[in-house]
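Below is one structure, written out as structure tokens, with a few remarks after it.
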Amino acid sequence: MNTADPDPRPTQDRETVRVELGARSYDVLVGAGLVEQAGRLMASLLRGRSAVVVSDGVVAGLYLDATLRSLREAGFACSALTVEVGERSKDLETLGGMLEDILGRGIERTTALVALGGGVVGDLTGFAASILLRGVPFVQIPTTLLAQVDSGVGGKTGVNSAHGKNLIGTFYQPRLVLADVATLGSLPLRERLAGYAEVVKYGLIDDPEFFAWLERNGAALVDGDRDLLRTAVAHSCRAKARIVAADERESGSRALLNLGHTFAHALEAEAGYDGSLLHGEAVAYGIVLAYRLSAALGLCSADDAARVAAHFREVGLPSEANALPPIHWNTSALIERMKHDKKVQDGRITFVLTRGVGQAFLSQDVPHEALRTLLDRAFGERGLSASR
Ligand code: NAD
Ligand code: GLY
């Protein structure tokens, strides 16, 4: 299969990470200025010369013109549609509207859908691409740190349901991912921080040296240092590519990417997807809880748990419940949410636990009492109305 790098110009300012999935393998390019090259890079891979670019209102204002210009210069007939900013767009209603809108444009099976934006746009557009005409080519141009290091790579698509996050979706790989680190310059600090939680995750799963590197460089990275961002994005994409290549459909090791997520999804659902708790913020605190649970079960040391919490606190991510939005957090409600997680098997909740930094593993054997005690401690026995 083709790679996406026919460019005769020097590419030392760009790194290519290959996601090895046989006939569905693809490249993730990491570098600055890739938005402006999107058309040429796509033209080298795709048979068709038509595309629909999906974005949200904010990202469209920043990068849509450049994307469309680049596509047109490369010979694509293209149009764009935008969805409302935020997690609430990741629902069946928005998806339905998108599908009808795109079909109304008279697309063909070779028409590419291009996701230009963060994880919300990526998950939604990928899902649409996987079901439109039974599958059209899909290209990711992730513009948040979270999307560049995680959601843009690996082919998980989907929307949320009233029953929980990401419960409706598909595995559908993009044909190309363009992680343009220049776009991270316009990302608000809070969003960079949220994405940083997913970067830290790779260190904590199986790469203690990377975590130590992040302890040294994390503050400057979230501050926007482009070289550090590029290094971290490329490293994270390599880690994700390895994990996805080994277990594309999450029958085993890919589930390690859910470190902190069993807690995070429950926290996000309780918070109501209203922007008060970002996915990455919930992941940071979820990872802290996963470490504290592991320490309580005697699997890792209390020092490891404290080290991880200290790093999140130092960069400005939640490490205690009182840094969460001030709603009435309730232990029973959170546990009920966890019971509806996608990873529940035979009624048993799946957790990613750890034996130390870089030693994550899966467990379905967490005693209910240990979970309840942990959450009671975090939120208070009758639930906590946290204040900022
Ligand atoms: P998001 O898509 O809502 O983007 C965050 C905000 O940043 C939005 O307001 C957006 O308009 C803005 N933005 C995006 N790029 C910008 C830029 N370059 N400059 C300025 N503003 C910009 O959120 P996200 O954090 O990117 O993604 C979160 C979603 O990703 C969640 O729905 C989560 O479930 C999903 N996710 C999916 C996977 C997966 O494997 N598919 C993995 C992790 C997370
Ligand atoms: N973000 C989790 C995964 O891609 O599997």
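Starting from 1, each residue takes its place in the sequence as its number. Indexing begins at 1, ligand by ligand and atom by atom, following the structure's order.
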Please could you name the atoms of ligand 2 that E250 approaches to less than 4.0 Å, counting only its heavy atoms?
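Per the distance check, 5 (O).
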To the nearest 0.1 Å, how far is [atom] from its closest protein heavy atom, and which atom is that?
| atom | value |
| --- | --- |
| atom 28 (C) of ligand 1 | L146 CD2, 3.9 Å |
| atom 5 (C) of ligand 1 | E191 OE1, 3.3 Å |
| atom 31 (C) of ligand 1 | E87 OE1, 3.2 Å |
| atom 22 (C) of ligand 1 | L187 CD1, 3.5 Å |
| atom 17 (C) of ligand 1 | S186 OG, 3.5 Å |
| atom 30 (O) of ligand 1 | G119 CA, 3.3 Å |
| atom 15 (N) of ligand 1 | T143 OG1, 2.7 Å |
| atom 13 (N) of ligand 1 | V59 CG2, 3.7 Å |
| atom 1 (N) of ligand 2 | D150 OD1, 2.9 Å |

List ligand 1 atoms under 4.0 Å from [X], heavy atoms only on the residue side.
| X | value |
| --- | --- |
| Y63 | 18 (N) |
| N166 | 34 (O) |
| L62 | 19 (N), 20 (C) |
| D123 | 35 (C), 36 (N), 37 (C), 39 (C), 41 (N) |
| K90 | 31 (C), 32 (O), 33 (C), 34 (O), 35 (C) |
| V120 | 1 (P), 2 (O), 3 (O), 27 (O), 29 (C) |
| K240 | 40 (O) |

I'd like to check whether P188 has a polar contact with ligand 1, where a contact means an N/O of the residue lying under 3.5 Å from an N/O of the ligand.
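So ligand 1 has no N or O lying under 3.5 Å from an N or O of P188.
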Is there a polar contact, in the sense of an N or O pair closer than 3.5 Å, between D56 and ligand 1?
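Indeed, backbone or side chain, D56 has an N or O that close.
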Would you call the rings of H311 and F211 parallel, tilted or perpendicular if under 30° counts as parallel and over 60° as perpendicular?
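Answer is perpendicular, since the angle exceeds 60°.
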Taking the inter-plane angle between the rings of H265 and H261 on a 0 to 90° scale, is it parallel (under 30°), tilted (30 to 60°) or perpendicular (over 60°)?
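Aromatic pair H265/H261 classed perpendicular.
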Ring centres under 6.0 angstrom apart (F210, H235)
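Yes - the distance between ring centres of F210 and H235 falls below the 6.0 Å cut-off.
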Determine whether the aromatic ring centres of Y285 and F312 lie less than 6.0 Å apart.
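They do not qualify: ring centres at least 6.0 Å apart.
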Side chain, backbone, both or neither: which part of H261 has a heavy atom under 4.0 Å from ligand 2?
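The answer is neither; H261 stays 4.0 Å or more away.
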Taking heavy atoms and a distance under 4.0 Å, where does K240 meet ligand 2: side chain, backbone, both or neither?
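For K240, the contact with ligand 2 is made by the side chain alone.
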Do we see a donor-acceptor contact under 3.5 Å between the side chains of [X] and [Y]?
| X | Y | value |
| --- | --- | --- |
| D91 | T94 | yes |
| E36 | S70 | no |
| D274 | S276 | yes |

For ligand 2, which is the ligand I care about here, please tell me if K201 has any N or O atom under 3.5 Å from one of the ligand's N or O atoms.
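In this structure, K201 places no N or O atom under 3.5 Å from an N or O of ligand 2.
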Nearest heavy atom to [atom]: which of [options] does it belong to?
| atom | options | value |
| --- | --- | --- |
| atom 36 (N) of ligand 1 | G185, S151, G169 | S151 |
| atom 43 (C) of ligand 1 | D150, L257, V83, V85 | D150 |
| atom 14 (C) of ligand 1 | T183, T144, I141, V283 | T144 |
| atom 34 (O) of ligand 1 | E84, K156, H279, K165 | K165 |

Looking at K339 and E336, does any basic side-chain N land under 4.0 Å from a carboxylate oxygen?
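Here K339 pairs with E336 in a salt bridge, since their nearest N and O are under 4.0 Å apart.
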Is a salt bridge present between R307 and E215, judged by a nitrogen-to-oxygen distance below 4.0 Å?
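Judged by the 4.0 Å cut-off on N to carboxylate O distance, R307 and E215 do form a salt bridge.
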Counting only heavy atoms not in H163, do more than 12 sit closer than 6.0 Å to its NE2 atom?
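Open.
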Take atom CD in E84; do more than 12 heavy atoms of anything else shown fall under 6.0 Å from it?
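No, because the 6.0 Å sphere around CD of E84 holds 12 heavy atoms or fewer from other groups.
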Search all heavy atoms of [X] against all heavy atoms of [Y] and return the closest pair with its distance.
| X | Y | answer |
| --- | --- | --- |
| V288 | P318 | CG2-O, 4.3 Å |
| A295 | A305 | CB-CB, 4.4 Å |
| L62 | S186 | CD1-OG, 3.8 Å |

Assess the residue pair R192 and D223 against the criterion (salt bridge (charged side-chain N to carboxylate O under 4.0 Å, His left out)); give the C-alpha distance rounded to whole Å, side-chain angles, the decisive distance to 0.1 Å, and a yes or no.
CA-CA 8 Å; R192 268 204 306 273; D223 230 25; 5.5 Å; no
Take every heavy atom of E198, measure it against each atom of ligand 2, and state whether any distance is under 4.0 Å.
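No heavy atom of E198 comes that close to ligand 2.
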Test L113 against every option in V139, L124, V136 by the side-chain contact (heavy atoms from CB on, under 4.5 Å) rule and name the one that passes.
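Among V139, L124, V136, the one meeting side-chain contact (heavy atoms from CB on, under 4.5 Å) with L113 is V136.
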